[in-house]
Novice: 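Quick one: the structure is below, questions incoming.
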Amino acid sequence: MLFMLIPMAAGNQTRITEFILMSFSSLPTEIQTLLFLAFLTIYLVTLLGNSLIILVTLADPMLQSPMYFFLRNLSFLEIGFNLVIVPKMLGTLIAQDTSISFLGCATQMYFFFFFGVAECFLLATMAYDRYVAICSPLHYPVIMNQETRVKLAAASWFPGFPVATVQTTWLFSFPFCATNKVNHFFCDSPPVLRLVCADTAQFEVYAIVGTVLVVMIPCLLILCSYTLIAASILKIPSAKGKHKAFSTCSSHLLVVSLFYVSSSLTYFRPKSNNSPESKKLLSLSYTVVTPMLNPIIYSLRNNEVKSALSRTFHKALALRNHIT
């Protein structure tokens, strides 16, 4: 039995013991197999790329600046984000294992909120780091010292805990209807909320206000940082100096654009234009594709990272040759 009927105080309601993730079940089996291969490749590239960024920024003495400390945090976050969502999605595609327990669904949603909120604030912290580096280069090492960067990283990760705890606990305290089919490839709030048999108006107001605040506060901080950065770059007399200053921000700007555009299109479009299938496709962009692109963007657009990767590769090759 996928769910059991239990008499409850509010009447004869259904207590869900597990959910069914509809995922991409409407597609032909052949298409699902191709999607599995594509997502598996993306998943492995994501884990490899972000793991390399973490290892290289830890090991290479040339990459010990605050920027790479925050980049390492971003890579940790992207790995966690992928581990929460992608393995289960792969299981639904290849093994048709579409069931997820009540606790498993709540846990997946909790960590999805946690990592999503943390990423918003971490991107804002990285923008502030670039602002200090460009607008106050002489004071940069003093302002962004070890203690400050650790506090900023902790402040970026912390908001995810209360947001995820309140939203997940509140949503899963509602009674659910007889159906247990979640029309998504993971336990996101809107498709799970549709299964609730209760007045959810208060929760929906909280969810909208919370989402707007979580997205807008970091977004405004990023905009303020880059407005000041742009004003500072315009004052640089040489074209070469302007290009060098801008190049230090370009990777972060591209990552921010990818994340905010895809997530905003998912959660802030009018409901009439937001069909479940289109939302699934948009969700793929920031849950699966963006975490893969981030290390690639930082590697291809950053000469220091490329040089560090090359040095690490040659050291590993030399060590291997020495051992053999």
Side-chain angles (χ1 to χ4, degrees), residues 1-3 14 16-50 78-113 115-116 119 171-172 176-196 211 258-294 296:
M1 292 288 291
L2 296 178
F3 48 85
T14 299
I16 302 292
T17 60
E18 64 181 26
F19 294 94
I20 299 296
L21 295 173
M22 299 302 289
S23 192
F24 302 98
S25 57
S26 60
L27 298 174
T29 305
E30 296 80 5
I31 302 297
Q32 291 190 53
T33 303
L34 290 174
L35 286 176
F36 169 80
L37 294 173
F39 294 150
L40 177 61
T41 302
I42 292 172
Y43 179 58
L44 294 175
V45 170
T46 300
L47 294 183
L48 177 62
N50 284 288
E78 299 293 25
I79 289 173
F81 209 77
N82 251 236
L83 290 174
V84 167
I85 294 171
V86 181
K88 183 60 184 176
M89 181 178 67
L90 293 174
T92 63
L93 286 169
I94 195 66
Q96 299 300 306
D97 179 18
T98 57
S99 64
I100 183 170
S101 68
F102 186 92
L103 179 60
C105 187
T107 302
Q108 188 181 55
M109 185 182 292
Y110 178 91
F111 283 104
F112 168 71
F113 285 138
F115 286 121
E119 181 154 1
L171 177 52
F172 281 87
F176 288 89
C177 300
T179 180
N180 65 338
K181 293 181 179 179
V182 178
N183 193 10
H184 212 339
F185 58 84
F186 71 99
C187 288
D188 195 5
S189 179
V192 173
L193 189 63
R194 294 190 188 101
L195 310 182
V196 169
T211 303
L258 286 170
F259 178 78
Y260 273 100
V261 168
S262 57
S263 57
S264 297
L265 285 173
T266 302
Y267 291 102
F268 295 116
R269 287 200 309 167
K271 287 187 177 181
S272 58
N273 298 329
N274 202 11
S275 70
E277 298 307 316
S278 66
K279 185 175 180 180
K280 287 178 192 177
L281 292 174
L282 286 169
S283 297
L284 283 171
S285 61
Y286 68 88
T287 58
V288 179
V289 179
T290 301
M292 177 194 69
L293 292 177
N294 288 353
I296 295 174

Novice: How far does OG1 of T33 sit from CD1 of I94, to the nearest 0.5 angstrom?
Specialist: 5.0 Å

Novice: If you compare all heavy atoms of L21 against all heavy atoms of C187, which two are closest, and at what distance to 0.1 Å?
Specialist: CD2-SG, 4.1 Å

Novice: If the condition is side chain to side chain donor-acceptor pair (under 3.5 Å), which residues does E78 pass it with, not counting sequence neighbours?
Specialist: N294

Novice: Where is the tightest heavy-atom contact between S99 and K88, given as atom of each residue plus distance?
Specialist: O-NZ, 2.6 Å

Novice: Only distances under 3.5 Å count here; give the side-chain donor-acceptor pairs of residues 100-107 to other protein atoms, sequence neighbours excluded, each with its distance to 0.1 Å.
Specialist:
{"residue": "S101", "atom": "OG", "partner": "G104", "partner atom": "N", "Å": "2.8"}
{"residue": "T107", "atom": "OG1", "partner": "L103", "partner atom": "O", "Å": "2.8"}

Novice: So, does N50 use its side chain to make a donor-acceptor pair with the main chain of P291 at under 3.5 Å?
Specialist: yes

Novice: Going through the distances and angles, do L83 and Y43 end up as a side chain to side chain contact (heavy atoms under 4.5 Å, CB included)?
Specialist: CA-CA 9 Å; L83 290 174; Y43 179 58; 3.1 Å; yes

Novice: If we ignore hydrogens and angles and just use 3.5 Å, is the side chain of D188 paired with the main-chain N or O of M109 as donor and acceptor?
Specialist: no

Novice: Would V196 and L171 count as a side chain to side chain contact (heavy atoms under 4.5 Å, CB included) if you check the C-alpha gap in whole Å, the side-chain angles of each, and the deciding distance to 0.1 Å?
Specialist: CA-CA 9 Å; V196 169; L171 177 52; 4.1 Å; yes

Novice: Quick one: which of F112, F113, F186, F259 gives a ring-ring contact (aromatic ring centres under 6.0 Å, His included) with F81?
Specialist: F112

Novice: Looking at L195, is its backbone amide N or carbonyl O close enough to the side chain of K181 to form a donor-acceptor pair, meaning the two atoms are under 3.5 Å apart?
Specialist: no

Novice: Please enumerate all residues that pass side chain to side chain donor-acceptor pair (under 3.5 Å) together with T92, with sequence neighbours excluded.
Specialist: S23

Novice: Please name all residues satisfying side chain to side chain contact (heavy atoms under 4.5 Å, CB included) with L27, sequence neighbours left out, ordered by chain then number.
Specialist: F24, I31, Q32, L35

Novice: If you round to the nearest 0.5 Å, how far is CE of M89 from NZ of K280?
Specialist: 11.5 Å

Novice: Is the backbone of M22 close enough, under 3.5 Å, to the side chain of T98 for a donor and an acceptor to pair up by distance?
Specialist: no

Novice: Checking I42 now: which residues fulfil side chain to side chain contact (heavy atoms under 4.5 Å, CB included) with it, not counting sequence neighbours?
Specialist: F39, T46, V288, M292

Novice: Kindly compute the distance separating CD1 (I85) from CG (L90), expressed to the nearest 0.5 Å.
Specialist: 11.5 Å

Novice: If the condition is side chain to side chain contact (heavy atoms under 4.5 Å, CB included), which residues does V84 pass it with, not counting sequence neighbours?
Specialist: Q108, F111, F115

